[in-house]
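Each ligand, and each atom within it, is numbered from 1 in the order the structure gives.
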Amino acid sequence: MSEEYENKDHIKKTIIVTGGSRGIGKSIAKELAELGFNIAILYEKDSKAAEETAFEIEKDSGIECLTYQASVADVTAINQCVNDIECKGGKIYGLINNAGIIRDGFLMTMPENDWLSVINTNLFGTFNCSKAVLPLMKKNGGGIIVNIASISGIKGEAAQVNYSATKSAIVGFTRSLAVELIEHSISVYAIAPGFIETEMVKVLSPKIVENNIKNIPMHRFGKTDDIANIIRFIFKENPSYMQGHVFIPDGGLNCI
Ligand code: NDP
């Protein structure tokens, strides 16, 4: 454990996890609560999942978990949430830009709306939430932002031009923002996972799953805990000399 971590009072520091109601975001929120941070999760549709996650977090770690139903792409709603979180949850110290969607399809037949909605949630949402927290993080003396990208933003993937475009852009966004925020003691990292077992990959056909597992050097999909473990490392150690680093938990897929 770093000296910096040990000397910090975590009790009044809050981390916002977008898309924290289920999947990867849920594991991240639970891990951060175990570290002692206050948690606020944002979700778009499924209030029941968000309530269940908040209940689990409160039961397991004794940490109060705030929940907000707001689209990451809604400027007014996100600014209201962020201000409310700072008042009720404690000083905002972290943001995990995790909310994301897929609308897969080949470019030749992709409806414009499938392009625009993926760009809006994945990319504009990351911009919007980051912009909303920055004045408070700066006032609070620093913080950490982690953006969830994807291996699809690093390697090509057929039928995912919309999704891949946003995830590559998130890598560029991370690197530029990391440089921009050094003077404010705010660190920015990205995580670009390979296939992780969540609702998002449940839409894949058994044949596609089988082919993908064959291609992954470790021959298995990852677990949400594989991502939460990286978040634990980042928030325990804040490896700030790695500014803009992109962690790639993918069972070796990017190596081949
Ligand atoms: P899930 O589909 O399981 O969960 C998505 C979460 O995002 C839900 O909480 C959902 O809330 C929320 N969400 C979706 N749209 C919005 C929005 N507009 N505003 C606020 N919240 C929203 O996804 P995963 O856990 O699998 O993925 C999480 C992140 O990891 C995504 O960015 C994804 O692209 C990325 N990723 C996932 C991989 C995988 O294999 N699973 C691989 C690589 C990257 P609600 O249910 O209420 O709509």
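Among all non-hydrogen protein atoms, the one lying nearest atom 23 (O) of ligand 1 is Met200 CE, 3.8 Å. Among protein heavy atoms, atom 3 (O) of ligand 1 sits closest to Arg22 NH1, 3.1 Å. Of all protein heavy atoms, the one closest to atom 5 (C) of ligand 1 is Gly100 O, 4.0 Å. Among all non-hydrogen protein atoms, the one lying nearest atom 11 (O) of ligand 1 is Glu44 N, 3.6 Å. Atom 26 (O) of ligand 1 has its closest protein heavy atom at Thr198 OG1, 2.5 Å. Among protein heavy atoms, atom 43 (C) of ligand 1 sits closest to Pro193 O, 3.3 Å.
We find the CD1-CD1 distance between Ile248 and Ile230 to be 10.0 Å, quoted to the nearest 0.5 Å. Atoms CD1 and CD, from Ile63 and Glu34 in turn, are 10.0 Å apart once rounded to the nearest 0.5 Å. Within the model, atoms CD1 of Ile151 and CD1 of Ile154 stand 5.0 Å from one another, a figure rounded to the nearest 0.5 Å. Between the CG atom in Leu42 and the CG atom in Asn97 there is a gap of 10.0 Å [rounded to 0.5 Å].
Under a 4.0 Å criterion applied to the non-hydrogen atoms of Ile148, ligand 1 contributes the atoms 29 (C), 30 (O), 35 (C). Taking every non-hydrogen atom of Ala70 and a distance limit under 4.0 Å, the qualifying atoms of ligand 1 come out as 19 (N), 20 (C). Those atoms of ligand 1 that come under 4.0 Å of a heavy atom in Ile196, given as number and element, are 39 (C), 40 (O), 41 (N). Within ligand 1, the atoms closer than 4.0 Å to a non-hydrogen atom of Tyr43 are 11 (O), 20 (C), 21 (N), 47 (O), numbered from 1 in the order shown. The Ile101 neighbourhood of ligand 1 comprises atoms 14 (C), 15 (N), with distances under 4.0 Å to a heavy atom of that residue. The Phe195 neighbourhood of ligand 1 comprises atoms 40 (O), with distances under 4.0 Å to a heavy atom of that residue. Heavy-atom proximity to Lys45, at under 4.0 Å, picks out these atoms of ligand 1: 45 (P), 47 (O), 48 (O). Here is the list of ligand 1 atoms found below 4.0 Å of a heavy atom in Asn98: 28 (C), 29 (C), 30 (O), 31 (C), 32 (O).
At least one side-chain heavy atom of Thr121 sits under 4.5 Å from a side-chain heavy atom of Val72. Contact annotation: the side chain of Lys30 approaches that of Glu56 to within less than 4.5 Å [non-hydrogen atoms, C-beta and beyond]. Looking only at side-chain heavy atoms (C-beta outward), Ile28 and Ile227 come within less than 4.5 Å of each other. The shortest side-chain heavy-atom distance between Val188 and Asn147 falls under the 4.5 Å cut-off.
At a 3.5 angstrom cut-off on N or O pairs, Ile24 counts as close to ligand 1. Considering backbone and side-chain atoms alike, Val72 places an N or O below 3.5 Å from some N or O of ligand 1. Considering backbone and side-chain atoms together, Ser71 places an N or O closer than 3.5 Å to an N or O of ligand 1.
For Glu197, the heavy-atom gap to ligand 1 stays at 4.0 angstrom or more. Residue contact check for ligand 1: Ala149 places a non-hydrogen atom closer than 4.0 Å to it. Under the 4.0 angstrom criterion for non-hydrogen atoms, Gly194 is in contact with ligand 1. Residue contacts with ligand 1 include Tyr163, since one of its heavy atoms falls under 4.0 Å from the ligand.
In this comparison of Ser150, Ala29, Ser21, Gly19, the heavy atom closest to atom 6 (C) of ligand 1 sits on Gly19. Taking only non-hydrogen atoms, the option from Gly23, Gly222, Ala50, Ala99 nearest to atom 22 (C) of ligand 1 is Ala99.
No single ILVMFWY cluster, assembled from side-chain heavy atoms under 4.5 Å apart, contains both Tyr68 and Ile101. The hydrophobic clustering, which links ILVMFWY residues whose side-chain heavy atoms are closer than 4.5 Å, places Phe37 and Ile85 apart.
Shown here are the side chain to side chain contact (heavy atoms under 4.5 Å, CB included) partners of Phe106, two or more places apart in sequence or in another chain: Thr109, Ala158, Ala159.
Between Phe247 and Phe233, the ring-plane angle classifies as perpendicular under the 30° and 60° cut-offs.
Only the side chain of Lys167 comes within 4.0 Å of ligand 1, judged by heavy-atom distances.
The number of heavy atoms from other shown groups lying within 6.0 Å of NZ (Lys155) is above 12.
Judged by distance alone, the side chains of Ser187 and Gln243 do bring a donor and an acceptor atom under 3.5 Å apart.
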